[in-house]
J.: 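Dumping the structure here so I can ask a few things about it.
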Amino acid sequence: MAINTEAYARLKSKLDSTGVTLVAVSKTKSEEDILALYNLGQRDFGENYVQELVKKQESLPKDIRWHFIGHLQSNKVKLIAPFVYLIHGVDSIKLLETINKEGEKNSRKIKCLLQVHIAKEETKFGFDLIEARQAITHVFVETSFSNVELCGLMGMASFTANQEEVRKELSSLKSLHEEIQHRVDVDKNSFSIVSMGMSGDYELAIDEGSTLIRVGSLLFGARG
Ligand SMILES: *Cc1c(COP(=O)(O)O)cnc(C)c1O
């Protein structure tokens, strides 16, 4: 399966004027395909599975910024803690505590996003809006995680053809992010990422204020 270089070029030129970051989601895709995109200048890649990410990180160029976008189990944090660039799917305080501990062991501060459940579907992981506010208070006010940097929020909209529903969900994540940014206890500059938008809804997501999109199948083709 070859990568879609035209789609990449089109997407990059569109993003250039917006300042939105592109994470190329390479889960299940070959190292050869990742290298092809790397050779076009892409440096941010996203993976969902720990073992697969570790294997790819070992053999691919060291200046790749690896984003972990899947559901992360606490007992696997140690495997990615030495090198991961940004963990998108933090969905519990317990997980954040583990990441902090592993960050300390590796003498680094690990960038994280809280995953917020914005979709109607029951199966997607994440805090709901109320829990997310409480988690933010916990992180910024009640504790000091010295080896975690909380950089923003991540969400996934419902998988539906109903554009208005998708727009509403994406907009709810942006609103929550803005609300949190206005709090005195939150550092606006470091809490700056809104990770939302995939192959099917990235245009809507950019419209609604995304700062980082995670795009897979559009660039790499459908997953088998
Ligand atoms: C797989 C995945 C993506 C990319 O999805 P595409 O529809 O292939 O662009 C984005 N975000 C998350 C969390 C994913 O699991």
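Counting convention: from 1, in listed order, for ligands and their atoms alike. Since this is a predicted model, take the numbers as computed values, not measurements. Quick note: numbers below take in every heavy atom, side chains included, and nothing from hydrogens, waters or symmetry partners.
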J.: For atom 12 (C) of ligand 1, what is the closest protein heavy atom, and at what distance to 0.1 Å?
T.: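 Its nearest protein heavy-atom neighbour is Ile69 CD1, 3.5 Å.
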
J.: For Ser26 and Glu47, run side-chain hydrogen bond (donor to acceptor under 3.5 Å, both in side chains): C-alpha distance rounded to whole Å, both residues' side-chain angles, the deciding distance at 0.1 Å, then the answer.
T.: CA-CA 6 Å; Ser26 49; Glu47 291 281 337; 2.6 Å; yes

J.: Any idea which atoms of ligand 1 are less than 4.0 Å away from a heavy-atom of Val215?
T.: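 The list of qualifying atoms is 9 (O).
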
J.: Do any nitrogen or oxygen atoms of Gly216 lie less than 3.5 angstrom from nitrogen or oxygen atoms of ligand 1?
T.: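 Yes, Gly216 has an N/O under 3.5 Å of an N/O on ligand 1.
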
J.: Got the closest protein heavy atom to atom 5 (O) of ligand 1, with its distance?
T.: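 Closest protein heavy atom to atom 5 (O) of ligand 1: Met198 CE, 3.5 Å.
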
J.: Would you check if there is a donor-acceptor pair between the side chains of Ser146 and Glu104 at a distance under 3.5 Å?
T.: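 Side-chain D/A pair, Glu104 to Ser146: absent.
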
J.: Using a 4.0 Å heavy-atom cut-off, which part of Met154 comes near ligand 1: side chain, backbone, both, or neither?
T.: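 The answer is the side chain of Met154.
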
J.: Using heavy-atom distances only, which candidate in Arg223, Gln115, Lys27, Met156 approaches atom 15 (O) of ligand 1 most closely?
T.: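 The residue whose heavy atom sits nearest atom 15 (O) of ligand 1 is Lys27.
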
J.: Heavy atoms only: which of Gly200, Ser199, Ser195 lies closest to atom 9 (O) of ligand 1?
T.: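 Going through Gly200, Ser199, Ser195 one by one, Ser199 has the nearest heavy atom to atom 9 (O) of ligand 1.
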
J.: Check this for me, if you would: do Lys55 and Glu52 make a salt bridge, where the nitrogen-to-carboxylate-oxygen distance has to be below 4.0 angstrom?
T.: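 Salt bridge between Lys55 and Glu52, a charged N being under 4.0 Å from a carboxylate O: no.
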
J.: Check contact between Leu218 and ligand 1, using heavy atoms of the residue and a distance below 4.0 angstrom.
T.: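 Flag not set, Leu218 not near ligand 1.
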
J.: In terms of residue, atom name and distance, what is the protein heavy atom nearest to atom 11 (N) of ligand 1?
T.: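 Result for atom 11 (N) of ligand 1: Arg214 NE, 2.9 Å.
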
J.: Within the 4.0 Å heavy-atom shell around Asn48, which atoms of ligand 1 are there?
T.: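 What qualifies from ligand 1 is 14 (C), 15 (O).
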
J.: Strictly by modelled atom types, are Arg214 and Ser195 linked by a side-chain donor-acceptor pair under 3.5 Å?
T.: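 Arg214 vs Ser195: donor-acceptor pair found between side chains.
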
J.: Using the rule given for side-chain hydrogen bond (donor to acceptor under 3.5 Å, both in side chains), can you reason through Ser158 versus Glu165, listing the C-alpha separation, both sets of side-chain angles and the distance that settles it, and then say yes or no?
T.: CA-CA 8 Å; Ser158 293; Glu165 174 60 29; 4.6 Å; no

J.: According to a hydrophobic-cluster definition based on side-chain heavy atoms being under 4.5 Å apart (Ile, Leu, Val, Met, Phe, Trp, Tyr only), do Val25 and Tyr85 belong together?
T.: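 Shared cluster, no.
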
J.: Does any part of the side chain of Leu86, heavy atoms only, come nearer than 4.5 Å to the side chain of Phe68, both counted from C-beta?
T.: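 With C-beta onward as the side chain, the pair stays apart.
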
J.: Quick one: are Leu35 and Leu60 in side-chain contact, heavy atoms under 4.5 Å?
T.: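 Result yes, sub-4.5 Å side-chain heavy-atom pair found.
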
J.: Which of the numbered atoms in ligand 1 are below 4.0 angstrom from a heavy atom of Ser217?
T.: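 So the answer, numbered in order with elements, is 6 (P), 7 (O), 8 (O), 9 (O).
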
